[in-house]
Asks: 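My structure is below; once you've seen it, I'll send some questions.
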Amino acid sequence: LSLLKILDNQPSAALDHLDYAQKIFDTLSVDVKTPQRSLELALLRARAYALSKRPAMALELLESLGAKPQVHRLMVDVAWSAGFWDDAAAELAEVMIDEEISLTRPLTSQQAQIILNRAVALNLDSDRIALANMREKYSDAMAQTDKAKLFDVVTRPRQLV
């Protein structure tokens with residue numbers, strides 16, 4: 001029910017349902033209270049916080065969950081939506097690790113998009129050094145994708161007019 005409320009953009013109702021679900025969850029036996037179910041409740045709660053314009057609370061909760069691919073992805077979504085470009089770039093670096101992006105294999109479309117998104121976040125954060133490092137490291141691999149021109153524009157050095 002909380003997920004439906006989140007999808008219907010009703011974060012306070014989702015949080016109310018999550019509070020109730022947490023009370024029930026706490027009373028369950030140990031064999032039913034799996035870490036995966038606990039993680040799912042926390043991810044829903046973080047998403048509801050983000051939708052209710054409390055991205056800092058969402059990120060704090062997510063940070064407490066540890067390094068997991070689904071946590072990194074949600075942290076990217078929350079940080080990106082809130083305009084926390086440094087956080088988005090940092091989490092996209094974690095997503096790149098989770099995706100096992102390698103320069104010895106051609107990039108998938110999804111991997112190219114992740115790299116481009118990180119470059120955009122670094123650009124919006126005005127982190128010119130990290131952006132230059134990304135350009136140097138990923139230019140050849142990105143040149144083989146349909147995102148090549150976008151990557152080139154986003155990562156090019158600033159021009160003095």
Asks: Which is it for Q113 and Q110 under the side chain to side chain contact (heavy atoms under 4.5 Å, CB included) test, yes or no, and what are the steps along the way?
Replies: CA-CA 5 Å; Q113 187 64 56; Q110 180 180 349; 5.7 Å; no
Asks: Do L15 and R54 come within less than 4.5 Å of each other through their side chains, counting heavy atoms only?
Replies: yes
Asks: Assess whether atom NZ of K33 is packed by more than 12 heavy atoms of other residues, nucleotides or ligands within 6.0 Å.
Replies: yes
Asks: For the residue pair A89 and R118, what are the closest heavy atoms and their distance?
Replies: O-NE, 3.0 Å
Asks: Between E63 and E60 (side chain of the first, backbone of the second, donor and acceptor by atom type, cut-off under 3.5 Å), is there such a pair?
Replies: no
Asks: Taking side chain as C-beta onward, heavy atoms only, is D127 less than 4.5 Å from D86?
Replies: no
Asks: Looking at side-chain heavy atoms only, is the closest gap between I114 and R73 below 4.5 Å?
Replies: yes
Asks: Is the count of non-hydrogen atoms from other residues, nucleotides or ligands lying under 6.0 Å from I24 atom CD1 greater than 12?
Replies: yes
Asks: Do V153 and L131 land in one hydrophobic cluster if side-chain heavy atoms of ILVMFWY residues count as linked below 4.5 Å?
Replies: no
Asks: Do V78 and Y49 come within less than 4.5 Å of each other through their side chains, counting heavy atoms only?
Replies: no
Asks: Would you compute the distance between atom CZ of R135 and atom CZ of F151 and round it to the nearest 0.5 angstrom?
Replies: 7.5 Å
Asks: Rounded to the nearest 0.5 Å, how far does CZ of R45 lie from CG of L18?
Replies: 5.0 Å
Asks: Does L61 share a hydrophobic cluster with M75, counting links as ILVMFWY side-chain heavy atoms below 4.5 Å and allowing steps through other members?
Replies: no
Asks: If you define the side chain from C-beta out and look only at heavy atoms, does anything of P69 sit under 4.5 Å from E99?
Replies: no
Asks: Taking all non-hydrogen atoms of both residues into account, name the closest pair between H17 and S2 and its distance.
Replies: CB-OG, 3.2 Å
Asks: Got a second to check how far S38's OG is from L65's CG, nearest 0.5 Å?
Replies: 8.0 Å
Asks: Could you give the distance from CZ (R156) to OG (S139), rounded to the nearest 0.5 Å?
Replies: 13.0 Å
Asks: Would you say that more than 12 heavy atoms from the other residues, nucleotides or ligands in this model lie under 6.0 Å from the CG of D26, or not?
Replies: yes
Asks: Report yes if the side chains of W85 and N123 come closer than 4.5 Å at any heavy-atom pair, otherwise no.
Replies: no
Asks: If you count every heavy atom of other residues, nucleotides or ligands that lies below 6.0 Å from Q22 atom CD, does the total exceed 12?
Replies: yes
Asks: Are E40 and L43 close enough that some pair of their side-chain heavy atoms sits under 4.5 Å apart?
Replies: no
Asks: Atom OG1 in T155, atom CG in L122: separation rounded to 0.5 Å?
Replies: 10.5 Å
Asks: Shared ILVMFWY cluster between V71 and F84, side chains joined below 4.5 angstrom?
Replies: yes
Asks: Check the surroundings of atom CZ in R128: do more than 12 heavy atoms from other residues, nucleotides or ligands lie under 6.0 Å from it?
Replies: yes
Asks: Is the number of heavy atoms from other residues, nucleotides or ligands within 6.0 Å of OH (Y20) greater than 12?
Replies: no
Asks: Give the cluster check for L39 versus I6: same hydrophobic cluster or not, with ILVMFWY residues linked at side-chain heavy-atom distances below 4.5 Å.
Replies: no
Asks: Identify the two heavy atoms, one from A88 and one from V76, that lie closest to each other, and give their separation to 0.1 Å.
Replies: O-CG2, 4.2 Å
Asks: Work out which heavy atom in A50 is nearest to a heavy atom in A58; give both atom names and the distance.
Replies: N-CB, 3.9 Å
Asks: To the nearest 0.5 Å, how far apart are CG in L62 and CG in D87?
Replies: 11.0 Å
Asks: Count the heavy atoms of every other residue, nucleotide or ligand shown that sit under 6.0 Å from NZ of K68, and state whether that count exceeds 12.
Replies: yes
Asks: Would you say L107 and Q144 make side-chain contact, with heavy atoms under 4.5 Å?
Replies: no
Asks: Among the clusters formed by ILVMFWY side chains lying less than 4.5 Å apart, do Y138 and L116 turn up in the same one?
Replies: yes
Asks: Please name the pair of heavy atoms, one in A148 and one in A143, separated by the smallest distance, quoted to 0.1 Å.
Replies: CB-CA, 3.7 Å
Asks: Check T34 against D31 and note the closest heavy-atom contact, atom names and distance.
Replies: CG2-O, 3.8 Å
